[in-house]
Protein chains: 4
Amino acid sequence: MIRHGLKAPELVASVWLNTPEPLVLDNLRGRVVVLYAFQMLCPGCASHGLPQATAIHELYLRDEVQVIGLHTVFEHHSVMTLDALKAFVHEYRLTFPITVDQPSESGPIPVTMQKLNLQGTPSLVLIDKAGTIRLTHFGRLSDMQVGNMIAQLLMEELGSQDSTDRADGAEPQTDGQCGDEGCSL
Amino acid sequence: MIRHGLKAPELVASVWLNTPEPLVLDNLRGRVVVLYAFQMLCPGCASHGLPQATAIHELYLRDEVQVIGLHTVFEHHSVMTLDALKAFVHEYRLTFPITVDQPSESGPIPVTMQKLNLQGTPSLVLIDKAGTIRLTHFGRLSDMQVGNMIAQLLMEELGSQDSTDRADGAEPQTDGQCGDEGCSL
Amino acid sequence: MIRHGLKAPELVASVWLNTPEPLVLDNLRGRVVVLYAFQMLCPGCASHGLPQATAIHELYLRDEVQVIGLHTVFEHHSVMTLDALKAFVHEYRLTFPITVDQPSESGPIPVTMQKLNLQGTPSLVLIDKAGTIRLTHFGRLSDMQVGNMIAQLLMEELGSQDSTDRADGAEPQTDGQCGDEGCSL
Amino acid sequence: MIRHGLKAPELVASVWLNTPEPLVLDNLRGRVVVLYAFQMLCPGCASHGLPQATAIHELYLRDEVQVIGLHTVFEHHSVMTLDALKAFVHEYRLTFPITVDQPSESGPIPVTMQKLNLQGTPSLVLIDKAGTIRLTHFGRLSDMQVGNMIAQLLMEELGSQDSTDRADGAEPQTDGQCGDEGCSL
């Protein structure tokens with residue numbers, strides 16, 4: 001179920017909430033990183049994506065699994081500002097580290113979201129202990145599937161995976177649409 | 001269960017969404033008016049208040065029951081702007097008429113919210129065919145209770161109610177807090 | 001939404017749970033009677049029918065609304081016995097009066113279920129203060145709809161309704177099938 | 001989170017549903033076995049235990065994870081018969097193999113339930129590829145926890161675990177009580 005993949009690109013993000021220090025993926029080797037891309041005005045993010053991210057954050061030990069929320073604004077840029085995000089994070093009581101994906105100069109899709117080739121929000125990105133992307137999923141995965149995949153990555157010895165290139169190089173589109181499962185590009 | 005009360009004060013609101021014309025309570029005599037006060041960044045509003053408002057909007061005939069969403073921003077004023085509300089209404093697919101409560105010049109609580117003496121969001125206000133407030137409720141009421149109360153008001157003949165003054169004149173407080181049920185003042 | 005109908009036939013049932021005395025519909029004039037037909041092994045009854053019956057039982061005053069559970073066994077007769085029902089009622093903590101529809105001598109469908117022309121379980125039957133059937137519904141109705149309809153019946157003055165004959169005289173079939181909504185004949 | 005334990009005792013059960021052949025734990029070496037103890041009249045089993053068992057059954061490959069339902073009747077013995085169970089399994093559309101724990105000659109608790117020292121229903125028992133009990137849990141575990149634990153067991157090499165004795169030898173009690181989470185002894 002988990003796809004082998006490329007080395008995860010570093011997050012292009014300067015602002016962080018819920019952490020005293022910015023997180024750097026390169027410094028998280030040895031931990032499984034759960035990167036949860038969301039938008040504060042995405043209904044599917046509020047109803048199931050962020051609750052799932054919180055459940056992961058609460059179930060696992062911090063030095064084994066690092067949850068990171070990535071605010072990937074690809075629509076309604078003028079209102080999903082940093083201040084708005086701070087209010088959202090406060091009211092929804094999110095406690096895991098959250099950062100803001102850097103806006104692109106050439107289009108609506110922010111930089112890290114482009115690098116990760118995400119199709120919308122919410123998207124779950126699983127990065128193994130060696131820093132390799134093992135899964136990117138747009139929409140909803142069951143909690144059982146997610147728990148299963150994280151455990152698989154936790155059991156791996158650091159360095160035991162050989163990365164293989166991802167074959168799918170589909171270009172993301174930019175006409176956003178929000179449905180029950182999430183907001184797609 | 002339904003308290004008799006005062007004549008509903010007119011809404012102090014200039015901007016309207018989802019309606020070609022502003023709604024005036026005085027023009028809605030003969031209909032039951034369901035006024036649903038909410039804030040776009042209130043978790044309880046997103047999870048149960050607004051879905052309940054939508055269910056009312058879908059169950060009843062428009063010329064019998066008029067649902068009105070009232071955006072009563074009493075915290076995070078700088079980010080819950082009109083543009084942000086428009087994006088929220090679009091993404092959450094709200095289709096009933098929604099208006100923005102006028103900010104107060106003297107404090108964080110907007111004007112209509114003050115007049116209605118609401119304790120937070122979400123709050124449900126039921127106004128009978130004669131324009132009298134019959135219930136204000138902060139937090140969650142079951143769908144069965146709400147359906148029951150609206151039907152009671154629908155069965156009344158216009159003009160058959162005698163209004164009595166509300167005794168409780170408690171002043172609202174302004175230190176907001178959001179919980180499972182909603183955001184209180 | 002509520003259909004006018006025939007006078008409700010008396011329940012043909014001898015065993016009662018959760019009541020010191022058998023209930024007789026004729027003695028309940030002046031109350032709205034909510035008759036909830038169910039089978040203990042019907043998944044839709046356990047997941048939403050009986051919880052809705054319980055919600056009605058808890059919301060309304062006993063001398064205004066009388067909830068009655070009617071165990072209408074039309075399949076698996078040998079295992080949905082009175083003793084099994086007693087265990088079910090105990091474990092599911094049902095507290096409203098429940099009775100057992102009398103088995104038919106000529107087929108699988110019990111007597112009262114036949115008289116009421118019910119299509120399966122769960123089925124909701126609303127009887128007004130005058131003893132007239134005003135609604136029979138197989139499957140799921142929202143709590144808001146049910147609260148709305150009961151309130152309508154409560155507001156009626158006793159004797160203000162004129163009964164009209166039901167036009168649909170469809171014969172029930174006996175090949176049961178259980179789905180998400182309930183078990184049909 | 002997963003406790004190391006004793007070798008799982010063989011199931012003492014003669015009747016099987018949903019399988020052409022009885023299952024023998026000794027023949028399942030190499031697979032993770034998920035043993036789900038339930039009673040058909042236990043509300044918590046119907047609402048979350050059996051749906052979780054079904055989710056496991058559907059998520060994993062059959063030759064990797066074997067789900068077994070164990071009908072451990074410890075109360076209402078006269079009505080939770082084999083025929084009643086068959087009707088229940090049919091109506092609730094359970095498709096994984098299910099067996100009936102053998103009644104005890106000396107008390108209400110059936111034989112396998114005693115051997116496993118289970119505290120009530122639903123109970124989840126996880127048995128590793130080597131046949132060792134790694135977890136017994138009465139009540140509700142989140143799907144994420146269960147998915148995580150099964151994955152851990154799947155990743156283990158057969159024979160890599162060393163069994164250690166379980167220290168807790170508490171005697172089960174027999175005064176059953178059903179609550180939101182399940183039915184306890």
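Note that the structure is a prediction, hence the values are computed from the model and not measured.
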Given 3.5 Å as the limit, does a donor-acceptor pair link the side chain of [X] with the main chain of [Y], or not?
| X | Y | value |
| --- | --- | --- |
| D:Arg62 | D:His57 | yes |
| C:Asp101 | C:Thr112 | yes |
| C:Thr99 | C:Val15 | yes |

Got C:Ser104 and C:Ile109 here, is their nearest side-chain heavy-atom distance under 4.5 Å?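 The answer is no; the side chains never approach within 4.5 Å.
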With a 4.5 Å limit on heavy-atom distance, are the side chains of D:Thr136 and D:Asn117 in contact?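 Sidechains of D:Asn117 and D:Thr136: no contact.
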Proximal to chain D - members of residues 21-50 of chain C, heavy-atom separation under 4.5 Å: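 Residues in range: C:Met40, C:Leu41, C:Cys42, C:Pro43, C:Ala46.
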Can you confirm whether D:His90 is buried at NE2, in the sense that more than 12 heavy atoms of other residues, nucleotides or ligands lie under 6.0 Å from that atom?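 No, the 6.0 Å shell around NE2 holds no more than 12 heavy atoms from other groups.
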